[in-house]
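Heads up, the thing below is written out as C-alpha cells.
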Amino acid sequence: MEEIKVRTAGGDYPVSIGRRIYAKVLGTILEKVNPPKVVIVSHPSIMELHASRVEEALRNWIHRGGKAAYFVFPEGEGNKNLHYFEKGLFYLLEKGFTREDLLIAFGGGVVGDLAGYLASSYQRGMRYTQLPTSLMAMVDSSIGGKVGLDLPGAKNAVGSFYQPAAVICDTEVLATLPVRELKSGLAEVVKYGFLYDGQLLREMRELGVDQEDVLEAATEVVARCVALKAEVVYQDERDLTGKRALLNYGHTFGHALESATGYGVLRHGEAVALGMMAAARASELHGLAEAGLLDMHMEVLMPLLKGVEMQTYPGLGRIVEDMGKDKKRGRDMRFVLLEGPQRPRLVESLSLHVAGKALEEIMQRIGEDL
C-alpha cells in the first residue's frame, strides 16, 4: 500500500492506494474519528458490486455501537443535479445526521462530486471520506476538494472547495469496471503525461489498453497521478494562480462536447480525450506549438476511443457555443494549450473561430481513422 499526503490550508489528509485496503484503512479511520453514525452515498450498481467490501470495513465499528445508513441515487452525470442534492439533504435531516457523523462517498466522479457537496453544505459542513471506484475518480476527481453539481447545459456550475478527511483508492475494485470505463480513466492519466510527466506518457504508450495489463499497473499509475495532483493542489488549492487551472487541459472542449451530446453519449474521459486532441490542434493553429503535436496525441489517445460512435455528435456550431458556458472561463474564454509536451500555457486570446476550426478538423480525422 502507498500513502500520499495532500497538503492544504486546512491541514493534510492521506490518500491510500493499494489492493484490498478498505478494511484496514477505513477501519483505522473509524477507530480514530469514532463517529456516532455513517452515511454511505452511492449508486445501486456500486452497492450491488462492492457493498460487502465496505460492510466488512464497518463491522467492528458497528459492533461497538455505530450505525450505518445509505443514500443511493441513480447513476449518470445527468443525476448530479439539484434534485438529488435536495433529496440527499432531506435524507440526512430525516435520519438525524449531525456534523459529528461521517459521510462516505462510495463511487465514481458523479458520486464523489454530489456527496462531497452534500458534506460541504449540510449543517455548514460534516466530515467525509472519498472511496473512489473508477480509475477516473482515483486519479482526478476524488483529490483536491472540488465538489459540486451540474445545471442544465453547464457542467459543475454549482460547487465549492471542500477537502475530504481521507481518500481510499482500493485498486482491486477496478477489475469490475467495463473496459470502456477503464479506457475513459486512462485518458485522464494521459493528461498528466502531456502536462507534467514525459516518463508517464511513454509508459502509457507502451502499456496500451489491455485490461489485465492496466489492472496490474493500476496501483503504481494511480499513485503517480495522485502525487502529481497533490503537488498542484498544494501550490494552488483554490484555483487562484492558474497553476491548478492547467489540470483542465482538454476539459473546456471536453465539457462542451459532453453538454452538447446530452451527458451520456460520451464518457467523461472520452470527451477529455477528444478535448485534448482539439486543444493540441488549437495549439498548432494558434502558432503556439509546432506541427506534430496533434499526431502525438492521436497516437496515444485514439486506442482509447476505439468503438465510440462518432456519428451521434451534434453540429459543431452548438459545441463551440456551449464552450462559452464552461465554468472555467474567466473574463475571456480561457484555454489550456501546449507549447509542447510538458509545456502547458493558459491562453485567453484564442478565438472561438480557431477553437471551432480545431474541433472541426479533429472530428473529420476521427471519422476517417475509426
Linking I/L/V/M/F/W/Y whenever their side-chain heavy atoms sit closer than 4.5 Å, directly or via other members, would [X] and [Y] fall into one cluster?
X	Y	value
Met136	Leu304	no
Val147	Phe161	no
Val347	Val354	yes
Met126	Leu93	yes

Crowding at [atom1], [X] (>12 non-hydrogen neighbours, <6.0 Å):
X	atom1	result
Glu216	CD	no
Glu290	CD	no
Tyr70	OH	yes

Rounded to the nearest 0.5 Å, how far apart are [atom1] of [X] and [atom2] of [Y]?
X	Y	atom1	atom2	result
Glu181	Thr176	CD	OG1	10.5 Å
Arg365	Met277	CZ	CE	9.5 Å
Leu285	Ser351	CG	OG	9.5 Å
Phe71	Leu92	CZ	CG	8.0 Å
Leu352	Leu359	CG	CG	10.5 Å
Ile168	Ile17	CD1	CD1	11.5 Å

What are the two closest non-hydrogen atoms of [X] and [Y], and how far apart are they?
X	Y	value
Ala166	Thr129	O-CG2, 3.3 Å
Leu257	Gly275	CD1-N, 4.5 Å
Asp239	Ala245	OD1-N, 3.2 Å
Ser141	Gly109	OG-CA, 3.5 Å
Ala230	Val6	CB-CG2, 4.0 Å
Ala282	Leu350	CB-CD2, 4.1 Å

Do [X] and [Y] come close enough that some side-chain heavy atom pair is under 4.5 Å?
X	Y	answer
Lys5	Pro14	yes
Leu294	Ile362	yes
Glu284	Arg281	yes
Met138	Glu188	no
Glu55	Ile62	no
Val233	Arg244	yes
Val232	Tyr196	yes
Leu247	Tyr192	yes

Is the backbone of [Y] close enough, under 3.5 Å, to the side chain of [X] for a donor and an acceptor to pair up by distance?
X	Y	answer
Gln163	Gly144	yes
His297	Leu293	yes
Ser283	Leu338	yes
Ser184	Arg180	no
Asn81	Gly78	yes
Gln342	Gly193	yes
Thr261	Glu258	yes
Tyr162	Tyr128	no
Glu270	Arg267	yes

Do His50 and Thr133 pair up side chain to side chain, a donor and an acceptor below 3.5 Å, judged on atom types alone?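 Side-chain D/A pair, His50 to Thr133: absent.
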Any donor-acceptor N or O pair under 3.5 Å, side chains Gln364, Glu360: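 Their side chains do not contain a donor-acceptor pair, so the 3.5 Å distance test is not met.
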Kindly state whether the ring of Phe85 and the ring of Tyr117 have centres lying under 6.0 angstrom apart.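 Yes; Tyr117 has its ring centre under 6.0 Å from that of Phe85.
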Check: residues 19-35 side-chain donor-acceptor pairs under 3.5 Å, at least two apart:
from: Arg20; atom 1: NE; to: Glu172; atom 2: OE2; distance (Å): 2.6
from: Arg20; atom 1: NH2; to: Glu172; atom 2: OE2; distance (Å): 3.3
from: Thr28; atom 1: OG1; to: Lys24; atom 2: O; distance (Å): 2.8

N-O pairing of Glu206 and Arg202 below 4.0 Å: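 No, this pair does not count.
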Which residue pairs pass the salt bridge (charged side-chain N to carboxylate O under 4.0 Å, His left out) test with at least one member in [range], sequence neighbours excluded?
range	result
residues 63-72	none
residues 72-90	Glu77-Lys80, Glu77-Lys155, Lys80-Asp113, Lys80-Asp150
residues 116-143	Asp140-Lys191, Asp140-Lys229

For Glu48, enumerate each residue passing the side-chain contact (heavy atoms from CB on, under 4.5 Å) test, keeping only those at least two apart in sequence or located in another chain.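 Counting only residues at least two positions away or on another chain, Glu48 forms no side-chain contact (heavy atoms from CB on, under 4.5 Å).
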In residues 36-44, what donor-acceptor pairs under 3.5 Å come from side-chain atoms, sequence neighbours left out?
from: Lys37; atom 1: NZ; to: Gly96; atom 2: O; distance (Å): 3.1
from: Lys37; atom 1: NZ; to: Asp101; atom 2: OD2; distance (Å): 3.4
from: Ser42; atom 1: OG; to: Phe106; atom 2: O; distance (Å): 2.7
from: His43; atom 1: ND1; to: Phe73; atom 2: O; distance (Å): 2.8

